[in-house]
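Below you'll find the structure, written out as structure tokens, and then a few comments.
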Number of protein chains: 2
Amino acid sequence: MNDKSVTSDDVRWLDEQQQWAWRRFLDGTSRFFESLGDVHDAELPVTLGEYHLLVQLSEAPGRTLRMSALAEYLVLSRSRLTHTVDRMERRGLVERRPAPGDRRGVNCVMTDAGFAALVASAPGHVTAVRRFLVDVLDDEEMAMLGRAMAKVASAARGEQELAGHE
Amino acid sequence: MNDKSVTSDDVRWLDEQQQWAWRRFLDGTSRFFESLGDVHDAELPVTLGEYHLLVQLSEAPGRTLRMSALAEYLVLSRSRLTHTVDRMERRGLVERRPAPGDRRGVNCVMTDAGFAALVASAPGHVTAVRRFLVDVLDDEEMAMLGRAMAKVASAARGEQELAGHE
DNA sequence: TCAAGATAGTTGAGCAATCAACTACCCGCA
DNA sequence: TGCGGGTAGTTGATTGCTCAACTATCTTGA
């Protein structure tokens, strides 16, 4: 702990309802991603993490994205992305190409095999997302969840930027 | 893929709003847990995972819980819990004791050092949960989030039980 | 124009998680 | 009473992740 650490005297603890909601959030997300990951591992050609990577590439122009952009979108460390792309490249799902205009840069490109794996995984993936999330909530809850999590994401993102400039 | 696999012909894809909300959820949870984990790693004596384990023990009678109960509450595989408890036991945060009445069973007990680590971590933990979640949402959003995630958790839990009986 | 610092990505060692196989014990039933 | 199947937990090999150090390139400003 450093000299800026918070001591128990000036902490605003959570009240009953906040505590309850936070625990439901923690438990719900754990079980949701567990179940969704299980579906990928048991039935689909790519893991959940690989799937999200392929989705990002599929929506990028030329099915191509810089490593750094991919890392930012997927909330992965650069190192972890390097290792993940290594493995996917060995399986022929993506390829690395030098980035034009910046000789430090590396583009990650989805191959046809990668696209095929994405297409093959999508139905099972979406069906699971429905079963564990979308079909469980009504439209209003789903919309609220989206708005709330957009706020949460930007709070966390703000913090990330601060940490980077230390 | 097996013979029960869903083909693209009969999948109900997500509409615009559902897609948007689902992506906010995915991105928000990733960034939230990333930021909260960073706070633990940088400033607190125990990691986020260890913290949650200690919280469970702190609320159990005798600060004691069966390994299997702990695994269920924390949504951890038994193997992963075994390894995690190994490490925490080496650091003196918890102890293993035989479970009375079932000679297969093992109780995990929080030590005084474990309780001290929990107390030392709590202020920083709660402050971070506020910064990245609770203080970012208003009371209504927070309540909705709790209700929604309670539903999601039980959908996922239901699925888990089915998988177990195959 | 060139030095200092920032950015992009990789590397490899050490640590943590996963998966299947294993031991030990409990329960129900014949 | 003992056998079959289930439950509790551990083990160790494999795989994946993390962290700090490293190379290479880009940018800025004196």
Side-chain angles (χ1 to χ4, degrees), chain A residues 30 33-42 46-53 64-91 93-109 160-161 163-166, chain B residues 30 33-42 46-53 64-91 93-109 160-161 163-166:
Chain A
S30 301
F33 287 109
E34 171 85 357
S35 294
L36 183 55
D38 284 353
V39 168
H40 275 264
D41 295 343
V46 297
T47 65
L48 182 56
E50 292 167 343
Y51 184 84
H52 289 141
L53 194 155
T64 296
L65 237 25
R66 284 289 288 270
M67 292 294 280
S68 47
L70 220 31
E72 158 64 16
Y73 296 157
L74 299 172
V75 196
L76 294 175
S77 69
R78 278 164 310 147
S79 173
R80 180 169 174 182
L81 181 63
T82 290
H83 291 306
T84 299
V85 168
D86 281 352
R87 291 187 294 269
M88 292 178 76
E89 197 168 23
R90 270 183 239 123
R91 290 162 55 202
L93 302 173
V94 297
E95 270 175 28
R96 270 185 251 241
R97 299 177 57 71
D102 186 342
R103 276 179 300 176
R104 296 167 305 178
V106 172
N107 275 334
C108 183
V109 188
Q160 289 299 102
E161 276 158 25
H165 290 302
E166 262 168 22
Chain B
S30 301
F33 287 109
E34 170 85 357
S35 295
L36 183 56
D38 283 353
V39 168
H40 275 264
D41 295 343
V46 297
T47 65
L48 183 55
E50 292 167 344
Y51 184 84
H52 289 142
L53 193 155
T64 297
L65 237 26
R66 284 288 289 269
M67 293 293 280
S68 47
L70 219 32
E72 159 62 17
Y73 296 156
L74 299 172
V75 197
L76 260 40
S77 70
R78 277 163 312 146
S79 172
R80 181 170 173 180
L81 181 63
T82 291
H83 291 306
T84 299
V85 168
D86 282 351
R87 291 188 293 268
M88 293 178 76
E89 196 169 24
R90 271 182 238 126
R91 288 164 56 202
L93 301 173
V94 297
E95 271 174 28
R96 268 185 252 239
R97 301 178 54 72
D102 186 343
R103 278 179 298 175
R104 295 168 304 178
V106 171
N107 275 334
C108 183
V109 188
Q160 289 298 103
E161 277 158 26
H165 291 303
E166 263 169 22

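C:dA8 atom P lies 13 Å from atom CG of A:Asn107, rounded to whole Å. Straight-line distance from the CZ atom of B:Arg66 to the P atom of D:dT7: 13 Å, rounded to whole Å. Between the CE atom of A:Met67 and the P atom of D:dA24 there is a distance of 18 Å, given to the nearest Å. Rounded to an integer number of Å, the gap from B:Glu34 CD to D:dC17 C1' is 12 Å. Atoms CZ (A:Arg91) and C1' (D:dG16) sit 13 Å apart, rounded to a whole Å. The separation between A:Met88 atom CE and D:dT15 atom C1' is 16 Å, rounded to whole Å. Counting to the nearest Å, the P atom of D:dT10 and the CG atom of B:Leu76 are 13 Å from each other. Whole-Å rounding puts the A:Leu81 CG to D:dC19 P distance at 16 Å.
Looking only at side-chain heavy atoms (C-beta outward), B:Leu65 and B:Cys108 stay at 4.5 Å or farther from each other. Annotation: side chain of B:Asp102 is in contact with side chain of B:Arg66 (closest heavy-atom distance under 4.5 Å). Residues B:Pro100 and B:Asn107 meet the side-chain proximity criterion, which asks for heavy atoms closer than 4.5 Å.
Checking D:dG9, D:dC26, C:dG9 against the side-chain heavy atoms of B:Val106 singles out D:dG9 as nearest. Nearest nucleotide to the A:Arg78 side chain, out of C:dT10, D:dT25, D:dG9: C:dT10.
Few gaps surround CZ on A:Arg96; more than 12 heavy atoms of other groups in view lie less than 6.0 Å from it. Under a cut-off of 6.0 angstrom, the local environment of CZ in B:Phe33 is crowded, with over 12 non-hydrogen atoms contributed by other residues, nucleotides or ligands.
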key: nucleotides 11-20 of chain C: protein proximity per nucleotide (B base, S sugar-phosphate only, - neither; heavy atom, under 4.0 Å)   = BB---SSBB-
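Close to C:dT7, at under 4.0 Å from its OP1 or OP2, lies no side-chain N or O of A:Ser68. Put simply, B:Arg96 has no side-chain N or O that comes within less than 4.0 Å of OP1 or OP2 on D:dG9.
Taking OG1 of A:Thr84 as the start and CZ of A:Arg80 as the end, the distance is 6.0 Å to the nearest 0.5 Å. Atom OG in A:Ser77 sits 8.0 Å away from atom NE2 in A:His83 (nearest 0.5 Å). Note that OG1 of B:Thr82 and CE of B:Met67 are 4.5 Å apart. Values are rounded to the nearest 0.5 Å.
Fit an axis to the five pairs at each end of the helix from C:dT1-D:dA30 to C:dA30-D:dT1 and the two axes sit 20° apart, to the nearest 10 degrees.
At a threshold of 4.0 Å, the pair A:Arg91-A:Glu50 counts as salt-bridged, since one of the basic side-chain nitrogens sits closer than that to a carboxylate oxygen.
Across the interface with DNA chain C, nearest-nucleotide mapping of A:Arg104 and B:Arg103 shows A:Arg104 to be the residue nearer the 5′ end.
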